[in-house]
Amino acid sequence: MIELQQLWQKTLEMLGKEIPSTSFEMWIVPLVPHSFADNKLVLFSPHTFTSETVKLSYDNVFTKTISEIAGVPVTYEIVYSEELEEKFKKDSIKSEKTEQKKNINSFAESKYDGLKQMLSDCHLNTKYQFDNFVVGGYNKLAYGAAFGVAKGDADKRFNPLFIYGGSGLGKTHLLQAIGNYIFSKRKVRVKYVTTEEFLNDLLENLYHGVEKDTFTKGAEKNKRMTKFRQKYRDVDVLLIDDIQFIAGKARTEEELFNIFDALYQAGKQIVLTSDRLPSEIKGISERLKTRFEWGLMADIGIPDLETRMAIIKQLIAQDGKINLSLDVIEFLAAVYKNNIRELEGAFNKVCAYSSLYEETPTLELVKKAINYRENAHKVTAQTILDNVCRFYNTPCDEVIGSSRVANIAKVRKVAIYITRELLNETWQSIGQLVGGRKYSTVMYSYDEIKKELPINNELSDEINTLFNIINQL
Ligand code: ADP
Ligand code: MG
């Protein structure tokens, strides 16, 4: 059986990728593994309320991750430890003091500190401006509305402004640009917050001091909650990012609802972003959905090739050092179609790579930098299946046939797994490929391999070899 420390270490690594960083640091990192027996993991926490928070927000991913790593279904329990809390507090005081010292030093060094502090109170990052936001047909409406709100001359009917669109397409950029514009050009109060920060802020205030006696607790809690609410109500423009994360969090929703109404009735502007329409956010109340739809809903679609090229040119101008030829710009824009964050990531790789060489990067170099596979598009589900069968020396017709013999079933599962990982195929079409199998069967096979990989070295070696073979096709 996997050892306790090792289990927890691996769990941390994986959860770090799954849980948003602020929450991860706040709730998961302070946990200390206590025991692992009878497939139950017990963890100690320095906060009384970690167990509720984790159960409320991350129960599934938590259970799934530990089970995956342990290779068996595992349950968990988070237990508050007073001793740990004492230690935690001491450590925090220590680090606060060092932090204060650092702050004093940097204050002496920089006369801009006051301004920086104000910006960070509003949670704004000056990197995101209207000036460096490229406008095309796909984001024109969202841009226009955002700029109107920023200048303060938007129609009252634009309240709330609800900006929605896929990941990496500029929602946060626009929202932050509104904040930065207002911060630097107008004398009104603006606050940017992500839904995750809002949720953490609320939980911290709600549960702070729960271990005290009821009387002190009640009074203190009321005070804290009043302060919490004021913080979000005492603004003229409230910007909330990624509101879809509120789904299923009833208490957060209620607080947000009240803040929303208070601001709205006072004629203050609210701007929200989401990766989907209000009607598509499952698990939020009707009354909140309706409110999100009261104002203007502006979508951000997919940028066309020309706009993507303009974005690269904007990145070149911002970088100031790199020089890319038109065919390289067009190549990058053609490869990264649906996500500007990925396009930017590729551009940064090209910059890093080309800083090793003196001249303007050639198309060849760019392809190397982004690890571009010339024939990637030639890999089809059928090629994958053929290669997996050949690798295991098993006839393809048996693999797509009805046999349940273990080694044949294994080849089938591996083919399913690799196809799903490498190509963006639906379960249905993969099912079709492996002999017309059902959606649920295919999904189950995929899960089985995924679960077994971390605990079965032989299988993981085989699959890695297969990935290499297929990638070189
Ligand atoms: P989202 O919040 O929609 O997931 P972001 O706003 O974080 O996406 O955008 C991802 C990256 O792409 C950011 O670095 C952002 O500056 C950049 N970006 C997105 N849209 C544009 C645009 N129209 N012009 C310039 N940069 C953009
Ligand atoms: Mg975003």
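Read the numbers this way: they start at 1 and go in the same order the structure lists the ligands and their atoms. Numbering starts at 1 and runs along the sequence shown. Remember, it's a predicted structure, so these values are computed and weren't measured experimentally.
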- line: The protein heavy atom nearest to atom 18 (N) of ligand 1 is I340 CG2, 3.5 Å
N, O or S of S167 under 2.8 Å from the Mg ion (ligand 2): no
- request: Please write down residue, atom name and distance for the protein heavy atom closest to atom 25 (C) of ligand 1.
  value: N132 O, 3.4 Å
query: Near N139, which atoms of ligand 1 are under 4.0 Å from a heavy atom of that residue?
result: 23 (N)
Aromatic centroids of F198 and Y232 separated by under 6.0 Å: yes
query: Does Y138 have a non-hydrogen atom less than 4.0 Å from ligand 1?
result: yes
task: Would you check the N or O atoms of R341, main chain and side chain alike, for any that come under 3.5 Å of an N or O of ligand 1?
output: yes
Nearest candidate to atom 1 (P) of ligand 1, where distance is taken over non-hydrogen atoms, out of G345, G165, P303, G168: G168
- request: Report yes or no: is the cationic atom of R287 (NZ for Lys, CZ for Arg) under 6.0 Å from the centre of the six-membered ring of F257, at an angle within 45° of the ring normal?
  value: yes
query: Based purely on interatomic distance, does I311 place a nitrogen or oxygen under 3.5 Å from a nitrogen or oxygen of ligand 1?
result: no
- prompt: Is the shortest side-chain N to carboxylate O distance from K368 to E364 below 4.0 Å?
  reply: no
query: Purely on distance, is any nitrogen or oxygen of Q314 under 3.5 Å from one on ligand 1?
result: no
- line: In terms of its nearest heavy atom to atom 21 (C) of ligand 1, the top option of F133, Y128, F130 is F133
- request: With K367 as the cation and F331 as the aromatic partner, state whether NZ or CZ is under 6.0 Å from the six-membered ring centre and within 45° of the axis.
  value: yes
field: Protein contact to atom 24 (N) of ligand 1 [nearest heavy atom, distance to 0.1 Å]
entry: V134 N, 2.8 Å
- request: Do me a favour and list the nearest non-hydrogen protein atom to atom 9 (O) of ligand 1 with residue, atom name and distance?
  value: G170 N, 3.6 Å
message: Are the side chains of R276 and Y164 in contact, using a 4.5 Å heavy-atom criterion?
response: no
task: Answer yes when E448 and K451 have at least one side-chain N-carboxylate O distance shorter than 4.0 Å, and no when they do not.
output: no
task: May I ask which of Q318, H173, Q176 has a heavy atom nearer to atom 16 (O) of ligand 1 than the others do?
output: H173
- prompt: Quick one: does G166 get within less than 4.0 Å of ligand 1, heavy atoms only?
  reply: yes
message: Using a 4.0 Å heavy-atom cut-off, which part of E344 comes near ligand 1: side chain, backbone, both, or neither?
response: side chain
message: If we count only N and O atoms by modelled type, under 3.5 Å, do the side chains of D241 and Y192 hold a donor and an acceptor together?
response: yes
Face-on cation placement of K231 at F228 ring, 6.0 Å and 45° thresholds: no
Distance (rounded to the nearest 0.5 Å) between I416 CD1 and L433 CG: 8.5 Å
- prompt: Salt bridge or not for R291 and D261, using N-O below 4.0 Å?
  reply: yes
- request: Find all atoms of ligand 1 within a distance of less than 4.0 Å from any non-hydrogen atom belonging to S167, and give their numbers and elements.
  value: 4 (O)
